[in-house]
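Start at 1 with the first residue, then count along the sequence. We count ligands from 1, going down the list as the structure has it; atoms in each ligand are counted the same way.
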Amino acid sequence: MNILILGGGGREHGIAWAVKQNPKCDRLIVAPGNAGIAAIAECADLDILDGAAVAEFAGEAGIDFVIVGPEAPLAAGVADRLRDAGLLVFGPSGAAARLEASKSFTKEICDAAGAPTAAWARFDDAEAARAHIRAHGAPIVVKADGLAAGKGVIVAMTEEEALAAVDDILGGAFGSAGAEVVIEEFMTGEEASYFVLCDGETVLPIGTAQDHKRVGDGDTGPNTGGMGAYSPAPVLSDAVAERALDEIVRPTVAEMARRGMPYQGVLYVGLMIENGAPRLVEYNVRFGDPECQVLMMRLGAQALDLMQAAAEGRLDKAQVNWADDHAMTVVMAAAGYPGAYEKGSTIGGLDALPEDSRRMVFHAGTAERDGQVVAAGGRVLNVTARGETLAEAREAAYAMVDAIDWPGGFCRRDIGWRAL
Ligand code: AMP
Ligand code: GLY
């Protein structure tokens, strides 16, 4: 089977690494890929937001299966273009990708499906939004309706902050993503993510994870795309996961099918859990990054069979072979991230590190220059390990971190503290 993966971050390196282990995989191309991915796959320089260009490339390369990594091509309808061209694709249609691309759409679906989530209201008028905030008080959550690269959510602890967020969003700080603002009740509890595959009808859970959004140890400092993750997430016990499936995920998937936009792909279910009761925070229509890396390490080669089963509509006959183990990934980022950071610093020591089914350094933002790996993004490496226990996985991951010679980088030293 010839496989094309769209994307070029740590998530796509994780997917490529798992797919490559499956004997079914003959040829593997990743577009655009990165320096780490180039070691295990062919990389192709493609505009992955251009569905027609991707379809043409896939046709010429004899691709049998396309896996779409990030949300942007999904929201842009690239999966639709590829399916129109007769390709087998893992990833939702542009219509179904609105579960990530529009916060108010997701809230409407939750209401129709009876899925528990924060109370909400939607505004395109600033004065009405301000009046709503004054009536409800802080803490309160203000969100740009559309895709804003993870920056469109303001958890306001004061009324002033919330009012300023409304002005920012409706004032154009997020472009068209901020044409509408969604204001939500502030939920308390512990957050965790549940990952399920869907084929339009059947839902198959493939794992739980938790990430660390703040840049600093002890969950301090500004928000990031995620500084580390581990799987499984203890707070998502079997009982809580069962409730999340029954009350949130299955009703959502049924409602999407009822509306003629069946959901196919991976659904990232962001949950807030309090007293054993899960409520939906958000959906994403892709794997989390870096959550994907720990899931792929635990799933290994079967990830390809499962994604193919989702794309072919036969998840009802698929089965996950669970390893009763743990995985952790530690993100190494360029100094300055998530603010302005330097690009181009050299990373040494990678060649000497072990790479096997239990230990792997996934590349998130790297490039090759004169035969050396250099930093080419904010989040740069995902140092990932597996163990019988979370403590064992953590020890192995940090041992690799300590063997990497990169003065221009940093990481958190406390990934997994909540679970340990
Ligand atoms: P989102 O992009 O919707 O997941 O929001 C980003 C982060 O903001 C989430 O991971 C939560 O930590 C936080 N958040 C979003 N909505 C709420 C809410 N209604 N109550 C409390 N925290 C929230
Ligand atoms: N790590 C959070 C995300 O992928 O959205």
Side-chain angles (χ1 to χ4, degrees), residues 7 9-12 14-15 69-72 74-75 99-107 110 115-122 133 136 138-157 161-162 165 169 174 177-178 181-195 207-215 219 222-231 233 235 266-274 278-296 328-331 333 338 362 364 378-379 382 384 412 415 418:
R11 168 180 47 214
E12 289 75 26
I15 296 171
E71 66 277 15
L74 294 166
L99 280 180
E100 176 165 358
S102 169
K103 310 265 184 208
S104 56
F105 174 79
T106 297
K107 288 297 201 178
C110 283
T117 183
W120 69 289
R122 157 198 11 214
I133 288 167
H136 285 80
I140 194 161
V141 182
V142 182
K143 303 183 175 184
D145 184 66
L147 285 180
K151 295 189 179 72
V153 175
I154 295 93
V155 179
M157 299 317 281
E161 252 181 288
I169 293 170
F174 301 101
V181 63
V182 170
I183 302 182
E184 287 183 16
E185 165 201 0
F186 172 77
M187 294 189 286
T188 53
E190 188 172 341
E191 278 188 83
S193 308
Y194 198 16
F195 293 87
T208 64
Q210 273 176 304
D211 78 345
H212 296 256
K213 293 240 195 273
R214 303 282 184 155
V215 75
D219 290 333
N223 263 317
T224 69
M227 293 300 292
Y230 51 93
S231 170
V235 67
V266 60
L267 191 61
Y268 165 143
V269 185
L271 296 170
M272 187 72 84
I273 299 148
E274 194 170 41
R279 289 207 281 169
L280 184 77
V281 178
E282 62 163 347
Y283 285 125
N284 292 308
V285 300
R286 46 158 178 94
F287 283 106
D289 189 349
E291 292 92 328
C292 183
Q293 291 81 313
V294 288
L295 292 177
M296 289 300 145
M328 179 180 291
T329 188
V330 178
V331 171
F362 296 116
R379 293 189 294 171
N382 309 136
T384 312
R412 277 182 62 162
I415 301 304
R418 203 188 282 275

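Set against the non-hydrogen atoms of K213, the atoms of ligand 2 under 4.0 Å away are 2 (C). Of all atoms in ligand 1, numbered sequentially from 1 with element shown, those under 4.0 Å from a heavy atom of F186 are 20 (N), 21 (C). Here is the list of ligand 2 atoms found below 4.0 Å of a heavy atom in G225: 1 (N), 2 (C). Taking every heavy atom of M187 and a limit of under 4.0 angstrom, the matching atoms of ligand 1 come to 18 (C), 19 (N), 20 (N), 21 (C). Residue E185 approaches ligand 1 through these ligand atoms, each under 4.0 Å from one of its heavy atoms: 18 (C), 19 (N), 20 (N). Ligand 2 places these atoms under 4.0 Å from at least one heavy atom of E291: 1 (N), 2 (C), 4 (O). Near A118, meaning under 4.0 Å from one of its heavy atoms, ligand 1 places the atoms 19 (N). Of all the atoms in ligand 1, the ones that sit under 4.0 Å from a non-hydrogen atom of K103 are 1 (P), 2 (O), 3 (O).
Protein heavy atom at the shortest distance from atom 13 (C) of ligand 1 is V155 CG2, 3.7 Å. Protein heavy atom closest to atom 7 (C) of ligand 1, with residue, atom name and distance, is V153 CG1, 4.4 Å. In terms of protein heavy atoms, atom 18 (C) of ligand 1 is closest to V141 CG2, 3.6 Å. Scanning the protein heavy atoms around atom 12 (O) of ligand 1, the nearest turns out to be E191 OE2, 2.4 Å. When hydrogens are left out, the protein atom nearest atom 4 (O) of ligand 1 is E282 CD, 2.6 Å; that is the closest non-hydrogen contact. The closest protein non-hydrogen atom to atom 5 (O) of ligand 2 is R286 NH2, 3.0 Å. Atom 16 (N) of ligand 1 has as its closest protein heavy atom K143 NZ, 3.0 Å.
The line from NZ of K213 to CG of D219 is 11.0 Å long, rounded to the nearest 0.5 Å. To the nearest 0.5 angstrom, E184 atom CD is 12.0 Å from H136 atom NE2.
Residue R11 places no heavy atom under 4.0 Å from ligand 2. Not a single heavy atom of F287 sits less than 4.0 Å from an atom of ligand 2.
Of all heavy-atom pairs spanning V330 and R412, the tightest one is CG1-O, 3.9 Å. Summarising the geometry of A364 relative to R379, their closest heavy-atom pair is CB-O, 3.4 Å, with the distance given to 0.1 Å. Among all heavy-atom pairs drawn from P290 and A229, the shortest one is CG-CB, 4.0 Å.
Taking the six-membered ring where the residue is Trp, F195 and Y268 present perpendicular rings, their angle passing 60° and hence far from 30°.
Exactly one residue among K107, E282, R279 makes a side chain to side chain donor-acceptor pair (under 3.5 Å) with T117. That residue is K107. In summary, of the residues considered (V281, V141, V142), a side-chain contact (heavy atoms from CB on, under 4.5 Å) with V153 occurs for V141 alone.
A heavy-atom distance below 4.5 Å is not found between the side chains of V331 and T224. With a 4.5 Å cut-off on side-chain heavy atoms, N284 and E71 do not count as touching. Counting only heavy atoms from C-beta outward, the side chains of E190 and Q210 approach each other to under 4.5 Å.
Remark: ligand 1 and K213 share no N or O pair separated by less than 3.5 Å (distance only, no angle test). Considering backbone and side-chain atoms together, G288 places no N or O closer than 3.5 Å to any N or O of ligand 2. Considering backbone and side-chain N/O atoms, M272 never comes within less than 3.5 Å of an N/O atom of ligand 1.
In this structure, E185 contributes its side chain and A119 its backbone to a donor-acceptor pair below 3.5 Å.
In this comparison of D211, N284, D289, the heavy atom closest to atom 4 (O) of ligand 2 sits on D289.
Using modelled atom types and a 3.5 Å distance limit, the side chains of S104 and D145 yield a donor-acceptor pair.
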